[in-house]
Amino acid sequence: MAAIGEMAVLCHKFITAPQASSSSFVNVIKLGTFCRTVVWPCLPPLLMYQYIRKKDEDMYALEVLYAKSGSKDSKAFYDASRLNGSGHWRIQQDLETIRAAANAE
């Protein structure tokens, strides 16, 4: 039990060490201000860009698959009328497999 207490004290000292002197305390404030004003405002646009890029890549692959299949039924590959993004052909196939297994007679 004493070892756990020593570990807790050591962790607390490690976390509070940057605030030991007034100059390092000021540096912590400067770093926090930098993160708040420069880093955090850059994250949402960057994350949105990554999401759109991945979504576009997935849809492009789906269009290529549809074009090379020679099929005339686009809803077989992506049905936008289905709920919550379950229109993708792989998700449709997985849901059909689950439905068949759950309703086995």
Side-chain angles (χ1 to χ4, degrees):
M1 229 20 186
I4 295 174
E6 289 295 322
M7 290 278 289
V9 169
L10 185 64
C11 289
H12 182 264
K13 285 182 182 178
F14 181 73
I15 291 170
T16 58
Q19 299 176 8
S21 68
S22 61
S23 65
S24 57
F25 185 73
V26 169
N27 286 336
V28 169
I29 291 174
K30 286 180 182 178
L31 182 64
T33 303
F34 176 76
C35 287
R36 213 172 29 253
T37 57
V38 176
V39 176
W40 288 119
C42 294
L43 283 180
L46 184 64
L47 294 174
M48 194 63 168
Y49 171 71
Q50 293 290 350
Y51 170 77
I52 290 170
R53 203 170 103 200
K54 183 61 181 166
K55 192 72 166 169
D56 189 42
E57 181 182 317
D58 186 39
M59 288 300 170
Y60 175 73
L62 202 59
E63 288 176 13
V64 169
L65 180 65
Y66 170 64
K68 291 192 178 208
S69 72
S71 175
K72 298 293 181 205
D73 183 23
S74 63
K75 289 197 182 256
F77 294 92
Y78 190 83
D79 189 2
S81 65
R82 305 229 7 196
L83 295 175
N84 295 333
S86 63
H88 194 282
W89 70 276
R90 288 296 293 183
I91 295 175
Q92 288 179 21
Q93 183 182 16
D94 293 345
L95 288 173
E96 184 60 32
T97 303
I98 292 169
R99 188 198 62 75
N103 297 329
E105 296 179 31

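The analysis underlying the following values was restricted to heavy atoms, covering all of them including side chains, and did not include hydrogens, waters or symmetry mates. Treat the numbers as computed from the prediction; the structure is a model and nothing was measured.
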List in chain and number order the residues that pass side-chain hydrogen bond (donor to acceptor under 3.5 Å, both in side chains) with R99, two or more places apart in sequence or in another chain; answer none if no residue qualifies.
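side-chain hydrogen bond (donor to acceptor under 3.5 Å, both in side chains) check on R99 returns E96.
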Minimum-distance pair of heavy atoms, taken over all atoms of P41 and C35:
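In terms of heavy atoms, the two residues are closest at CD-O, 4.3 Å.
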Applying side chain to side chain contact (heavy atoms under 4.5 Å, CB included), name anything that partners V64, two or more places apart in sequence or on another chain.
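Partners of V64 under the side chain to side chain contact (heavy atoms under 4.5 Å, CB included) test: Y60, K68.
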Who pairs with T33 by side chain to side chain contact (heavy atoms under 4.5 Å, CB included), at least two apart in sequence or on another chain?
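By the side chain to side chain contact (heavy atoms under 4.5 Å, CB included) rule, T33 matches I29, R36, T37.
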Linking Ile, Leu, Val, Met, Phe, Trp and Tyr through side-chain heavy atoms less than 4.5 Å apart, which residues share a cluster with [X]?
{"X": "L43", "answer": "W40"}
{"X": "L47", "answer": "none"}
{"X": "L10", "answer": "none"}
{"X": "Y49", "answer": "none"}

Using the salt bridge (charged side-chain N to carboxylate O under 4.0 Å, His left out) criterion, which residues pair with K54? Sequence neighbours excluded.
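Listed in chain order: E57.
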Can you tell me how far apart NZ (K30) and CG (N27) are? Round to the nearest 0.5 Å.
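Here the rounded value is 6.0 Å.
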